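Written out below as structure tokens is the structure these notes cover.
What you are looking at is a predicted structure, and each value in this text was computed from that prediction instead of being measured. Computed from heavy atoms alone, side chains included, the values below leave out hydrogens, waters and symmetry copies. Here is the naming used below: chain letters follow the sequence lines, and residue numbers restart at 1 for every chain.
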Protein chains: 2
Amino acid sequence: MDSSLNTAEAMDAPKVVAARSIVEAAYGAIRHDILNGVLAPGTKLRFEMLRQRYRVGASTLREALTRLVGEALVTSEEQRGFRVAPISLEDFADLTAMRKMLEVEAMRQSIRLGDDVWEAGLVAAFHRLTKVEEKLLEHADAHQDEWEARNREFHLAMIAACPSRWLKHMHAILYQQAERYRRIALVNPVVPRDIHAEHRALHEAALARDVELACLLGSRHIDRTVAVLNRVLAKVEGVRAS
Amino acid sequence: MDSSLNTAEAMDAPKVVAARSIVEAAYGAIRHDILNGVLAPGTKLRFEMLRQRYRVGASTLREALTRLVGEALVTSEEQRGFRVAPISLEDFADLTAMRKMLEVEAMRQSIRLGDDVWEAGLVAAFHRLTKVEEKLLEHADAHQDEWEARNREFHLAMIAACPSRWLKHMHAILYQQAERYRRIALVNPVVPRDIHAEHRALHEAALARDVELACLLGSRHIDRTVAVLNRVLAKVEGVRAS
DNA sequence: GTTCCAAAAAATCTCGAAATTATAGTTGAC
DNA sequence: GTCAACTATAATTTCGAGATTTTTTGGAAC
């Protein structure tokens, strides 16, 4: 919960969470498959099918799904089972507007209150992100997963000093949702070119404690990501339908 | 989900939800008990105890609790069971700052976009709230529960025209959390006196489509509620401890 | 008195069969 | 041919016993 600066736990979110319980493992696996589009939006989640797929009992499965409902990755209809939460351009716009509001506010607080430890974490995260972006320029579409992870860490490091647990909690949910859209659009991988420049500017403004500039850059950064994604998503099958 | 104007469903949240499934019933019952302090903050939630209390099987109970974890009314520690989420003055401040931000933004959008139906709903909600407040002046601390419900409906009606699902969703979670603190502080019932005037002003500003005034009033309204609650909560046993 | 270890106790977690409910298919009446 | 009621099928939901893990207890060594 409070370990956003910890390097070792960087890969916590993506896949294998070294699950201590079976529910946790199932939850992680299903979440992974939803985020990566293996379980397509709108798909009916039938119990027999899921029980085979993830090798768990009915109740265990049910608990994992309930947890995903709480994060709005799954929907449930009383007595009619579960579905992968549908996606739409409308939802993406809503989601992003909300995330922008929260992320900017979190940045504002974080930059104001961040101490040396926060700065160190931010610099480190930026460095790691830079490294991956260099690799990305050579090997093209490999490392895409890794870039996603580093990108997330960088943005998390940026708001790490924000003291509001609720703000960070809700931001995390929204970021995860956005991540879902991003990965679905990633069928045609978007090579990040000027994104590095944006990150650098953002990073420097934060270190210079220029709150207003950083917020402005952060805001624009999200806007551009959305602009790109909107273009891609509009073409992808199923975004409009489900 | 979309029935915030429906009179008949006014009592949906508090208690008996006419549960279609047993999980739903258990969830509602436990939620009710947590919100009203029957299950005190920090309390360990042992399965045997809960199974007896609510008459449900282990898995069913577990699912209900998982759902409550999603709303941050319950915490879970891997392999160590569940607890009623602790409360603290710090959390209350955080929670409220967050809610203020979201509620004001939702009001802003709602007042800008609200149509005739929205206006009608708002007027109706204000009227019902007024009626209860009159009753409250006479019979003192009875009807306190009803006032809570009408107050909630009024504030929901105010933001009903906000088109953002995410904004309303997250606001709902925060409002519920705040409700928890309010009811715990309600051991010494605070008689709402000038609150009626505040509501009237807010209501009129909204109908006049004076966005800025309404937001200002809404903001102040929350601030005052917090000021009062802070004074009460500081005295209540257990808010600081757990 | 403190610290360690093992065994017992208590709690949580997991499973799949059985009960309940929804859906599809079928027949019969109009 | 359409609709309603009924039946058969398929899916979800519920339960509690058993497996697994944590916590407590008791006792021996230091």
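For the pair A/E63 CD and D/dT14 P, the computed distance is 14 Å after rounding to whole Å. Atoms CZ (B/R46) and C1' (D/dT22) sit 12 Å apart, rounded to a whole Å. For the pair B/F47 CZ and D/dG18 C1', the interatomic distance rounds to 15 Å; values are reported in whole Å. At whole-Å resolution of the value, CD in B/E77 and C1' in C/dA11 are 14 Å apart. C/dC15 atom P lies 14 Å from atom CG of A/L50, rounded to whole Å. When the P atom of C/dC15 is taken as reference, atom CD of A/E48 falls 14 Å away, rounded to whole Å. Taking atom CD of A/E24 as the reference point, atom P of D/dT21 lies 15 Å away to the nearest angstrom.
Here A/R51 pairs with A/E48 under the salt bridge (charged side-chain N to carboxylate O under 4.0 Å, His left out) rule; sequence neighbours left out. Here A/A25 pairs with A/A19 under the side chain to side chain contact (heavy atoms under 4.5 Å, CB included) rule; sequence neighbours left out. B/E148 is linked by a side chain to side chain contact (heavy atoms under 4.5 Å, CB included) to B/E179, B/R182, B/L186, counting only residues two or more places apart in sequence or in another chain. Under the rule for a side chain to side chain contact (heavy atoms under 4.5 Å, CB included), the partners of A/R46 that lie at least two apart in sequence or sit in another chain are A/K44, A/M49. For A/R53, the salt bridge (charged side-chain N to carboxylate O under 4.0 Å, His left out) partners two or more places apart in sequence, or in a different chain, are A/D33.
Listed by first and then second residue, the salt bridge (charged side-chain N to carboxylate O under 4.0 Å, His left out) pairs that reach into residues 64-93 of chain B are B/E24-B/R67, sequence neighbours excluded. Applying the ring pair (Phe, Tyr, Trp, His ring centres under 6.0 Å) definition to pairs two or more places apart or across chains, none involves residues 38-57 of chain A.
Remark: B/K44 is not in phosphate contact with C/dA11, judged by side-chain N or O atoms under 4.0 Å from OP1 or OP2.
For the side-chain contact (heavy atoms from CB on, under 4.5 Å) criterion with B/V74, the lone passing option out of B/L39, B/T66, B/L45, B/V84 is B/L45.
Shown for residues 51-60 of chain B: residues whose heavy atoms fall under 4.0 angstrom of DNA chain D, namely B/R51, B/V56, B/G57, B/A58, B/S59, B/T60. Contacts between residues 64-76 of chain A and DNA chain D, defined by a heavy-atom separation below 4.0 Å, involve no residue at all.
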Kindly list each side-chain donor-acceptor pair under 3.5 angstrom involving residues 92-107 of chain A, sequence neighbours excluded, with atom names and distances?
from   : atom 1 : to     : atom 2 : distance (Å)
A/D94  : OD1    : B/S164 : OG     : 2.5
A/D94  : OD2    : B/S164 : OG     : 3.4
A/D94  : OD2    : B/R165 : N      : 2.9
A/D94  : OD2    : B/W166 : N      : 3.2
A/T96  : OG1    : A/F92  : O      : 2.7
A/R99  : NH1    : A/E103 : OE1    : 3.1
A/K100 : NZ     : A/D223 : OD1    : 2.8
A/K100 : NZ     : A/D223 : OD2    : 3.2
A/E103 : OE1    : A/H171 : NE2    : 2.8
A/E103 : OE2    : A/H155 : ND1    : 3.2
A/E105 : OE2    : A/Q109 : NE2    : 2.8

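Stem regions annotated for DNA chain D: C:1-30 with D:1-30, counting only runs of 3 or more consecutive pairs of Watson-Crick or G-U type with both contacts under 3.5 Å.
The closest donor-acceptor contact from the side chain of A/E146 to the backbone of A/V132 lies at 3.5 Å or more, if one exists at all. The backbone N or O of B/A72 sits less than 3.5 Å from a side-chain atom of B/Q177, completing a donor-acceptor pair.
A/L50 places a side-chain heavy atom less than 4.5 Å from the side chain of A/L65. Put simply, the side chain of A/T60 does not reach to within 4.5 Å of the side chain of A/S21, judged on heavy atoms.
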_Between A/L122 and A/F154, does the side chain to side chain contact (heavy atoms under 4.5 Å, CB included) criterion hold? Intermediate values first, please._
CA-CA 7 Å; A/L122 181 59; A/F154 174 68; 3.8 Å; yes
Polar atom pairs (N or O), protein with nucleotides 19-24 of chain C, under 3.5 Å:
from   : atom 1 : to    : atom 2 : distance (Å)
C/dA22 : OP1    : B/R20 : NH2    : 2.6

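A/L61 comes within contact range of no nucleotide atom at all, as no heavy-atom separation falls under 4.0 Å.
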